[in-house]
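The structure under discussion appears below in the form of structure tokens.
Throughout, residue positions are numbered sequentially from 1 according to the sequence presented. Everything numeric here is computed off the predicted structure, so don't read it as measured data.
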Amino acid sequence: MTIDIGSVVKARYKTGSYVGRIKEERGKFYLVEILAVLKHPQQGDLHHPKETEDVFFHERRALAQHEKANIPKTAVSAYMDTVPDYSDSLRAAVQQLKHDLEQQPASRYQELALANVETLKKDYFK
């Protein structure tokens, strides 16, 4: 299937996954406008997943509604389902991330990541 300008796509960006619309083609990348969140980014250091010692433990936010991101073409595929409402999709993605973290064995990573999730929830859902 060809992905054209204006196509609705699923796009993986860092550790998150989104529904977006192709705005431009930029060589090996697409400029994608974010429409919904499918998977919230993981918390912590991208280069040292689930580590807390000797790394900067980042609070990772989801891309905002209508934010545009350069995403490698290899991380973009056609999206055929109904595009969810951004706010509803963000809420569901945060809840899923929290649930996934709560299912992990207790660790310093889990503690810090859950604290980030609570901070994000307060900020996102004022």
Side-chain angles (χ1 to χ4, degrees):
M1 177 174 192
T2 303
I3 297 178
D4 298 314
I5 304 301
S7 295
V8 175
V9 296
K10 177 180 178 180
R12 296 180 320 280
Y13 185 75
K14 299 188 179 177
T15 60
S17 183
Y18 302 89
V19 177
R21 185 178 318 281
I22 302 293
K23 301 303 279 184
E24 293 178 20
E25 188 173 349
R26 295 182 168 179
K28 294 181 181 180
F29 296 87
Y30 288 119
L31 181 65
V32 178
E33 178 183 10
I34 302 304
L35 303 175
V37 181
L38 296 175
K39 179 180 178 287
H40 194 282
Q42 295 297 313
Q43 301 302 295
D45 190 313
L46 289 177
H47 304 290
H48 305 281
K50 298 190 178 182
E51 291 185 27
T52 58
E53 298 297 319
D54 301 321
V55 298
F56 181 69
F57 198 86
H58 297 274
E59 175 186 275
R60 301 254 171 229
R61 298 178 62 83
L63 295 175
Q65 184 177 22
H66 302 297
E67 183 172 352
K68 293 169 186 70
N70 282 310
I71 301 178
K73 289 181 177 180
T74 57
V76 174
S77 59
Y79 185 79
M80 306 309 277
D81 294 330
T82 301
V83 177
D85 174 75
Y86 180 85
S87 296
D88 293 343
S89 70
L90 178 60
R91 189 174 303 277
V94 169
Q95 284 305 112
Q96 184 63 52
L97 175 60
K98 182 178 179 183
H99 174 76
D100 292 347
L101 287 166
E102 290 171 341
Q103 300 308 305
Q104 296 178 7
S107 67
R108 181 73 177 139
Y109 170 78
Q110 180 200 42
E111 177 186 335
L112 291 173
L114 283 170
N116 279 3
V117 169
E118 290 306 314
T119 300
L120 288 168
K121 283 173 58 176
K122 287 177 186 172
D123 188 40
Y124 289 154
F125 310 118
K126 294 178 187 175

Answer with yes or no whether the hydrophobic clustering places [X] together with [Y]; edges join I, L, V, M, F, W, Y residues whose side-chain heavy atoms lie under 4.5 Å apart.
X      : Y      : answer
Leu120 : Leu114 : yes
Phe29  : Ile5   : no
Val117 : Tyr124 : yes
Ile71  : Ile3   : yes

Distance in Å, Leu31 CG paired with Glu24 CD, rounded so as to fall on 0.5 Å steps: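 Here the interatomic distance stands at 5.0 Å.
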
Separation between CG of Leu97 and CD of Gln95, rounded to the nearest 0.5 Å: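 Nearest 0.5 Å value for the CG-CD distance: 9.5 Å.
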
Donor-acceptor side-chain pairing of Asp100 and Gln96 below 3.5 angstrom: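 Checked: Asp100/Gln96 side chains pair up, N/O donor to acceptor below 3.5 Å.
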
[X] versus [Y]: any side-chain heavy-atom pair under 4.5 Å?
X     : Y     : value
His40 : Leu90 : yes
Tyr18 : Lys10 : no
Val32 : Ile22 : yes

Between the side chain of [X] and the main-chain N/O of [Y], is any donor-acceptor distance below 3.5 Å?
X      : Y      : value
Glu33  : Lys68  : no
Asn116 : Arg60  : no
Thr15  : Gln42  : yes
Gln110 : Gln104 : yes
Gln43  : Pro41  : yes
Lys73  : Arg26  : no
Arg12  : Thr74  : yes

Working for side-chain contact (heavy atoms from CB on, under 4.5 Å), residues Leu112 and Arg108: CA-CA 6 Å; Leu112 291 173; Arg108 181 73 177 139; 3.5 Å; yes

Grab the two heavy atoms, one from [X] and one from [Y], that are nearest each other, plus how far apart they are.
X      : Y      : value
Leu63  : Val37  : O-CG2, 4.4 Å
Asp85  : Ser87  : OD2-N, 3.1 Å
Tyr109 : Leu101 : CE2-CD2, 3.8 Å
Ala62  : Tyr86  : CB-OH, 4.4 Å

Residues clustered with Val8, ILVMFWY side-chain links under 4.5 angstrom: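 Members besides Val8, by chain and number: Val19, Leu35, Leu38, Tyr79, Val83.
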
Non-neighbouring partners of Arg91 that pass side chain to side chain contact (heavy atoms under 4.5 Å, CB included), sequence neighbours left out: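 Scan of Arg91 (side chain to side chain contact (heavy atoms under 4.5 Å, CB included), adjacent residues dropped) gives Phe125.
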
Asp88: partners by side chain to side chain donor-acceptor pair (under 3.5 Å), with sequence neighbours left out: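 So Asp88 forms no side chain to side chain donor-acceptor pair (under 3.5 Å) with any residue.
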
